[in-house]
Amino acid sequence: MQHTLILGLGNPIMADDGLGSHACQQLQRWYGTLPRVTVFDGETLGLHLLPQLIGVTNLLLVDAVVTNDPPGSLVRLEGEAITAGMARQLSLHHVGLAELLALGRLEGAMPSRCVLWGMVPARLELGTALSATVEARLPALLDAVAAELQGWGLARQDHNA
């Protein structure tokens, strides 16, 4: 039986680095009541998230990702490309993410499918609000995540929106 974990990551007090936490709020409304689906705001927990991976078949991560693309650009990484894509870390939780995925592989707890959907941040400074750029693009990110999950056989539940 497949189990899907939707995991938001980021520091919610560092503006756009908190993207994963902001996304989790809506994703919880859409997917939180589905059987065999867990939506979890992992914030900056890093290696402490290893128990969350146990028994997970499909892992979808949501996080801010630094690339050379303009702020607000959507980023999709899959499998081994996730660790490489996090080489330009925003904060210490990215070190924890790389280590979490490596430890998950060693422990045999790595899900068979692992995808990260993210967005290039515009502002990384103290504050709980997303930048105007990232806030405006958040619906596009959520739609991309929903389309990915639809491809995994998970339909979003709009009744709690």
Side-chain angles (χ1 to χ4, degrees), residues 4-32 37-50 52-53 56 58-104 111 113-152 154 156-158 160-161:
T4 299
L5 173 62
I6 303 168
L7 181 60
L9 298 171
N11 189 336
I13 63 167
M14 292 300 292
D16 293 346
D17 191 32
L19 171 66
S21 292
H22 286 271
C24 268
Q25 294 171 19
Q26 183 62 44
L27 295 169
Q28 179 65 42
R29 288 190 284 274
W30 287 346
Y31 300 99
V37 175
T38 302
V39 180
F40 188 78
D41 184 358
E43 293 186 357
T44 59
L45 293 175
L47 292 177
H48 296 290
L49 293 169
L50 186 60
Q52 294 291 326
L53 297 182
V56 170
N58 305 305
L59 174 63
L60 191 137
L61 303 157
V62 181
D63 200 359
V65 180
V66 173
T67 70
N68 292 326
D69 297 311
S73 297
L74 299 185
V75 177
R76 183 188 183 278
L77 301 171
E78 186 169 1
E80 297 294 325
I82 295 171
T83 303
M86 292 306 203
R88 294 175 62 185
Q89 62 195 31
L90 301 178
S91 64
L92 292 177
H93 82 269
H94 287 140
V95 173
L97 175 60
E99 292 171 344
L100 172 68
L101 296 177
L103 187 57
R113 181 174 9 197
C114 187
V115 172
L116 182 143
W117 271 99
M119 188 186 311
V120 178
R123 189 168 52 90
L124 299 170
E125 57 195 34
L126 196 59
T128 57
L130 296 174
S131 67
T133 300
V134 169
E135 182 74 34
R137 295 283 293 148
L138 184 58
L141 175 64
L142 291 168
D143 286 345
V145 168
E148 182 86 38
L149 292 169
Q150 180 72 36
W152 296 2
L154 299 173
R156 96 180 171 192
Q157 309 293 300
D158 290 318
N160 290 329

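For clarity, every value in this text was computed on a predicted model and none was experimentally measured.
- Put simply, CG on L149 and CG on L154 are 5.5 Å apart, with the number rounded to the nearest 0.5 Å.
- Taking the side chain to side chain contact (heavy atoms under 4.5 Å, CB included) definition, one finds that A144 meets it with L74, W117, sequence neighbours left out.
- The two residues H22 and L138 make their nearest non-hydrogen contact at CB-CD2, 4.4 Å.
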What verdict does the side-chain contact (heavy atoms from CB on, under 4.5 Å) test give for D143 and R156, after you've listed the backbone C-alpha separation in whole Å, the side-chain angles of each residue and the deciding distance to 0.1 Å?
CA-CA 10 Å; D143 286 345; R156 96 180 171 192; 3.5 Å; yes
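- Contact detail for A23 and V62: the closest heavy-atom pair is CB-CG1, 3.7 Å.
- Two residues are said to be in side-chain contact when any heavy atoms from C-beta on lie closer than 4.5 Å; C114 and I82 meet this criterion.
- Contact check for V115 versus R76: side-chain heavy atoms found under the 4.5 Å cut-off.
- Scanning all heavy atoms of the two residues, the minimum distance from S21 to P12 falls at OG-CB, 4.0 Å.
- To the nearest 0.5 Å, atoms CG (L19) and CG (N11) are separated by 12.5 Å.
- Residues W30 and L142 have side chains in contact (heavy-atom distance under 4.5 Å, counting atoms from C-beta outward).
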Check the pair V145, L60 against side-chain contact (heavy atoms from CB on, under 4.5 Å), reporting the backbone distance first and the verdict last.
CA-CA 8 Å; V145 168; L60 191 137; 3.7 Å; yes
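- Atom CD1 in I6 sits 10.0 Å away from atom CG in L59 (nearest 0.5 Å).
- Considering every non-hydrogen atom in both D16 and V134, the closest pair reads OD2-CG2, 3.2 Å.
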Go through the steps to decide whether V120 and V75 satisfy the test side-chain contact (heavy atoms from CB on, under 4.5 Å), and finish with yes or no.
CA-CA 7 Å; V120 178; V75 177; 4.0 Å; yes
Decide side-chain contact (heavy atoms from CB on, under 4.5 Å) for L7 and L9; before the verdict, give the C-alpha distance in whole Å, the side-chain angles of both, and the deciding distance to 0.1 Å.
CA-CA 6 Å; L7 181 60; L9 298 171; 4.0 Å; yes
Working note: E78 + R113, criterion salt bridge (Lys or Arg N to Asp or Glu O under 4.0 Å); need CA distance, chi angles, decisive distance, verdict.
CA-CA 8 Å; E78 186 169 1; R113 181 174 9 197; over 6 Å; no
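- The shortest heavy-atom contact between G118 and L141 is O-CD1, 3.8 Å.
- Between atom CG of residue L124 and atom CE of residue M14 there is a gap of 6.5 Å, rounded to the nearest 0.5 Å.
- We find the OG1-CZ distance between T133 and R123 to be 9.5 Å, quoted to the nearest 0.5 Å.
- Atoms CD and CD1, from E125 and I13 in turn, are 12.5 Å apart once rounded to the nearest 0.5 Å.
- Residue pairs that meet the salt bridge (charged side-chain N to carboxylate O under 4.0 Å, His left out) test with at least one member in residues 128-140, sequence neighbours left out, do not exist here.
- With contacts defined as side-chain heavy-atom distances shorter than 4.5 Å, the pair L61/L5 does not qualify.
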